[in-house]
Amino acid sequence: MSEAAKATAAPPRVVIYTDGGCQGNPGPGGWAAVLRHGERVKEVSGGEPATTNNRMELTAAVMSLRMLKKRCQVEIHTDSEYVKNGITQWIAGWKRKGWRTKAGTPVKNEDLWRDLDEQVARHDVSWKWVKGHAGVDGNERCDALCGTEMDRIRRSHTRDELAALLRAFKAQGG
């Protein structure tokens, strides 16, 4: 393909499913994403010993978009109305108000919202909400990966370590 044809070609289409979860909220959490481009499928996941469900949902979206090395046409499926509504409806107002809510309080998870906003700007993104635990294959796979991450965290820390990490997280405003 010539350079001119490459320049005018449509960006690759990627379908992403994301999920995040927490055992306790806050508590040990996991995030996951399944990325599909044609027949290619990539799964990514991770977790934190002390976090919230919303932080994990946001992290899944951020990390999935970071995986894309060039501009893509992206369709993200999430079971988090918080993420979908935040990025499609609320974020413009938060930015106008200096990352404050309508009530004038600081936006929770501002660090992740800023990161997500930056990642979304790199791509052509559409957002789809899916009902969680409703048999949607990509969402179910992400949920399973989140569970695996939370199990890994629980196995790699003692109960006392997790309790201390949770206290520290809460003390930092989490």
Side-chain angles (χ1 to χ4, degrees), residues 14-37 40-69 74-87 90-91 94 99 101 105-120 122-123 125 127-174:
V14 179
V15 176
I16 300 175
Y17 286 84
T18 65
D19 198 13
C22 221
Q23 292 174 332
N25 195 22
W31 62 267
V34 175
L35 297 85
R36 291 191 176 121
H37 172 61
R40 296 179 61 202
V41 176
K42 179 154 183 81
E43 296 178 345
V44 292
S45 61
E48 296 180 24
T51 189
T52 64
N53 182 61
N54 285 341
R55 287 191 68 79
M56 292 293 89
E57 294 279 6
L58 282 163
T59 299
V62 168
M63 298 304 285
S64 67
L65 290 170
R66 280 188 186 168
M67 298 296 299
L68 306 175
K69 301 302 180 205
V74 182
E75 182 177 285
I76 298 184
H77 297 255
T78 178
D79 64 5
S80 171
E81 291 187 59
Y82 172 70
V83 172
K84 181 183 177 290
N85 292 339
I87 197 67
W90 307 331
I91 199 166
W94 294 338
W99 293 96
T101 65
T105 60
V107 170
K108 289 185 180 185
N109 305 310
E110 178 185 340
D111 59 329
L112 290 169
W113 284 115
R114 285 178 179 266
D115 200 353
L116 183 57
D117 188 42
E118 184 178 309
Q119 295 305 316
V120 166
R122 296 177 45 233
H123 304 284
V125 181
W127 294 86
K128 309 287 184 193
W129 180 81
V130 296
K131 184 174 181 168
H133 311 285
V136 176
D137 288 344
N139 181 258
E140 295 292 341
R141 180 63 185 145
C142 286
D143 186 64
L145 291 168
C146 287
T148 298
E149 290 294 338
M150 288 183 273
D151 290 344
R152 179 189 58 78
I153 289 167
R154 279 197 324 277
R155 285 191 314 274
S156 65
H157 294 80
T158 67
R159 186 173 261 143
D160 289 341
E161 288 171 332
L162 287 172
L165 290 164
L166 184 56
R167 282 191 302 275
F169 178 76
K170 289 179 178 178
Q172 294 175 349

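FYI, side chains are in, hydrogens and waters are out, and symmetry mates aren't considered; it's all heavy atoms of this structure. Index from 1, following the sequence.
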Note: E110-R114 ion pair, threshold 4.0 Å (strictly below): yes
How far does CG of D117 sit from CG of L112, to the nearest 0.5 angstrom? 12.5 Å
Within this structure, what is the CD-CD1 distance for the pair Q23 and I153, rounded to the nearest 0.5 Å? 8.5 Å
For the CD1 atom of I76 and the CG atom of L116, what is their distance to the nearest 0.5 Å? 7.0 Å
Just how far is it from atom CZ of R36 to atom CD of E43, taken to the nearest 0.5 Å? 8.5 Å
Test V34 against every option in H77, K42, R141 by the side chain to side chain contact (heavy atoms under 4.5 Å, CB included) rule and name the one that passes. R141
Close side-chain approach of L58 and W113, heavy atoms under 4.5 Å: yes
Of all the heavy-atom pairs spanning K170 and P26, show the shortest one and how long it is. CE-CG, 3.6 Å
Please identify each residue that fulfils side-chain contact (heavy atoms from CB on, under 4.5 Å) with R155, with sequence neighbours left out. D151, R152
Using the rule given for side-chain contact (heavy atoms from CB on, under 4.5 Å), can you reason through D115 versus R66, listing the C-alpha separation, both sets of side-chain angles and the distance that settles it, and then say yes or no? CA-CA 10 Å; D115 200 353; R66 280 188 186 168; 2.2 Å; yes
Taking the side chain as everything from C-beta on, heavy atoms only, tell me whether V136 gets closer than 4.5 Å to K131. no
Distance from T18 atom OG1 to L35 atom CG, nearest 0.5 Å? 9.5 Å
Are the side chain of N25 and the backbone of N53 linked by a donor-acceptor contact shorter than 3.5 Å? yes
Heavy-atom pair with the smallest gap, counting every atom of A60 and A32: CB-O, 3.4 Å
Quick one: which of N109, V83, T52 gives a side chain to side chain contact (heavy atoms under 4.5 Å, CB included) with E57? V83
The reported gap from CE in M150 to CE in M56 (rounded to nearest 0.5 angstrom) is 10.0 Å
Which heavy atom of G27 sits nearest to which heavy atom of C22, and what is that distance? O-SG, 3.3 Å
Applying the side chain to side chain contact (heavy atoms under 4.5 Å, CB included) test to V120, which of I91, L65, V74 qualifies? L65
Measure across P106 and T101 and return the closest heavy-atom pair with its distance rounded to 0.1 Å. O-CG2, 4.2 Å
Are the side chains of N54 and K108 in contact, using a 4.5 Å heavy-atom criterion? no
When you measure from the side chain of R122 to the backbone N and O of L68, does any donor-acceptor pair fall under 3.5 Å? yes
Starting from the C-alpha separation in whole Å, work towards a yes-or-no answer on side-chain contact (heavy atoms from CB on, under 4.5 Å) for D19 and L145. CA-CA 9 Å; D19 198 13; L145 291 168; over 6 Å; no
Taking side chain to side chain donor-acceptor pair (under 3.5 Å) as the definition, give me every residue that meets it alongside E140, ordered by chain and number, with sequence neighbours left out. none
Going through the checks in order, is the side-chain contact (heavy atoms from CB on, under 4.5 Å) test met by R55 and W31? CA-CA 9 Å; R55 287 191 68 79; W31 62 267; over 6 Å; no
Fit a plane to each ring of W94 and W99, take the angle between them on a 0 to 90° scale, and name the class: parallel (under 30°), tilted (30 to 60°) or perpendicular (over 60°). tilted
The criterion is side-chain contact (heavy atoms from CB on, under 4.5 Å); which residues satisfy it with E81, sequence neighbours excluded? N85, W129
